[in-house]
Amino acid sequence: MEYINRLESEVRGYVRSFPTVFTTAKGELLDDAEGRQYIDFFSGAGALNYGHNDEVMKAALLEYIHSDAITHSLDMASQAKEDFIATFEEVVMKPRNMEYKLQFPGPTGTNAVEAALKLARKVKGRDRVLFFTNAYHGMTLGALAVTGNSSKRGGAGVPLNNSSPLPFCEYFGAGRDTADDLRMLLENSSSGFDKPAAIILETVQGEGGINVASNEWLQKIEALCHEHDMLLIVDDIQAGIGRTGPLFSFEPSGIKPDIITISKSLSGFGLPLALTMIRPDLDIWKPGEHNGTFRGNCHAFITSSAALNHYWRDDALEKSVLAKGERVQERLRAIVKARPGLDAEVRGRGLFIGMDCKTEGLADAIGEHCFQLGLIAETAGPDDNVLKVMPPLIISDDNLARGLDLLEQAVDAALQ
Ligand code: PMP
């Protein structure tokens, strides 16, 4: 601990939020070096939707490693990659009538976003990409250019894109609809509005504080993109892979994004894997135009195929996520209602839930008490005002209830 605090850069000093050293983990439970156990309501910000050390994925990975199979396959096809693509097509795309080309843009989510932005600019021959208040798309310069919270830019200035974020859905400014405003700008020739190449959005903003877009709003934005020759990029890196219930968060809205980015729980095992899904006719990059050494990790392909086969051949996981999510929201609302001193709004979709605490510093204080009581939860939102409730999707009913009991105790401790 002291060692970590002394040497790890302040930028990654998460030891301050969770002051312990974690050693082992299984499912929704984590153990630390002191022998304490914690319930995970964080799931690596959506990177561990199937929990820690899933047995099915672990077995597949161990078998692959034991067989001395290819670990790195730059510029080569590997069995792991071929199997992943075949599984993705069969389990994910075919049942949903989806047609996309798959591009491995690099190891992490931000690489998938960079690829999407770059490709959109090339396809449309225009530079600007519109984005929304509190949007979060990653830490590289292109992704930062469409990240709404400028404090995330780490002093890098305004990279690539001089736009300002547009209000997200109905959440910012009651009664105001960004899609309507945008239409006026695009259709009024005297507005001087510089037509963008694309719009990028999260259907539920994660780092932005669990702000949920309505299906109608998503449909309006899609229609606008079609009518005005702009691409719609949906960043499903945090909201996807079942976090909101369905595999893709936008499924209930019926929209068909031109480009989709996924990562985080795609590998299922906490391994880095990112994917940019591209409408086939937009796949215009020539070989070598978008490269990278660590594109498509073979071990991650193995665990990802195992996860897709195990969890997504039927709708059992989706149904259980929706049912658990409803219970969590009900319980959180009851916690808020029973405490006049707690001014908070509960919102979310599936197991992507937030409690927006209106009192400054309260969400952080609750998070700290959660940790003391044996529950891992993080905060998000522009002022870290939203306590995120994101357990692994496979959490048992018992541990979900226990975790919510701990959260309730933490709320009381923070309010004292
Ligand atoms: N987009 C969204 C919606 C995210 O939540 C994140 C990560 N929190 C990213 C992009 C960036 O992904 P990564 O951290 O893997 O680069």
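Bear in mind the structure is a predicted one, so any value in this text is a computation, not a measurement. Scope of the values below: all heavy atoms of this structure, side chains included, with no hydrogens, waters or symmetry mates. In listed order, ligands and their atoms are each counted from 1.
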Answer yes if the ring centres of Phe88 and Tyr100 are under 6.0 angstrom apart, and no otherwise.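 No - the distance between ring centres of Phe88 and Tyr100 does not fall below the 6.0 Å cut-off.
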Pairs flagged by salt bridge (Lys or Arg N to Asp or Glu O under 4.0 Å) wherever residues 282-311 is involved - sequence neighbours left out: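 Salt bridge (Lys or Arg N to Asp or Glu O under 4.0 Å) check on residues 282-311 returns Lys101-Asp283, Lys122-Glu289.
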Taking only residues at least two apart or on different chains, which pairs with a member in residues 248-272 satisfy salt bridge (Lys or Arg N to Asp or Glu O under 4.0 Å)?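 Residue pairs passing salt bridge (Lys or Arg N to Asp or Glu O under 4.0 Å), neighbours aside: Arg96-Glu251, Asp258-Arg279.
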Which residues pass the side-chain hydrogen bond (donor to acceptor under 3.5 Å, both in side chains) test with Glu89, not counting sequence neighbours? none
Considering only N or O atoms, set out every pair between ligand 1 and the protein closer than 3.5 Å, with distances to one decimal place.
from: ligand 1; atom 1: 1 (N); to: Tyr136; atom 2: O; distance (Å): 3.4
from: ligand 1; atom 1: 1 (N); to: Asp235; atom 2: OD1; distance (Å): 3.4
from: ligand 1; atom 1: 1 (N); to: Asp235; atom 2: OD2; distance (Å): 2.6
from: ligand 1; atom 1: 5 (O); to: Gln238; atom 2: NE2; distance (Å): 2.7
from: ligand 1; atom 1: 8 (N); to: Lys264; atom 2: NZ; distance (Å): 3.0
from: ligand 1; atom 1: 15 (O); to: Gly109; atom 2: N; distance (Å): 2.9
from: ligand 1; atom 1: 16 (O); to: Thr108; atom 2: OG1; distance (Å): 3.1
from: ligand 1; atom 1: 16 (O); to: Gly109; atom 2: N; distance (Å): 3.4
from: ligand 1; atom 1: 16 (O); to: Thr110; atom 2: N; distance (Å): 2.8

Return the orientation label for the Tyr50 and Tyr311 ring planes: parallel under 30°, perpendicular over 60°, tilted otherwise. parallel
Would Phe18 and Tyr38 count as a ring-ring contact (aromatic ring centres under 6.0 Å, His included) if you check the C-alpha gap in whole Å, the side-chain angles of each, and the deciding distance to 0.1 Å? CA-CA 11 Å; Phe18 305 120; Tyr38 303 81; 8.4 Å; no
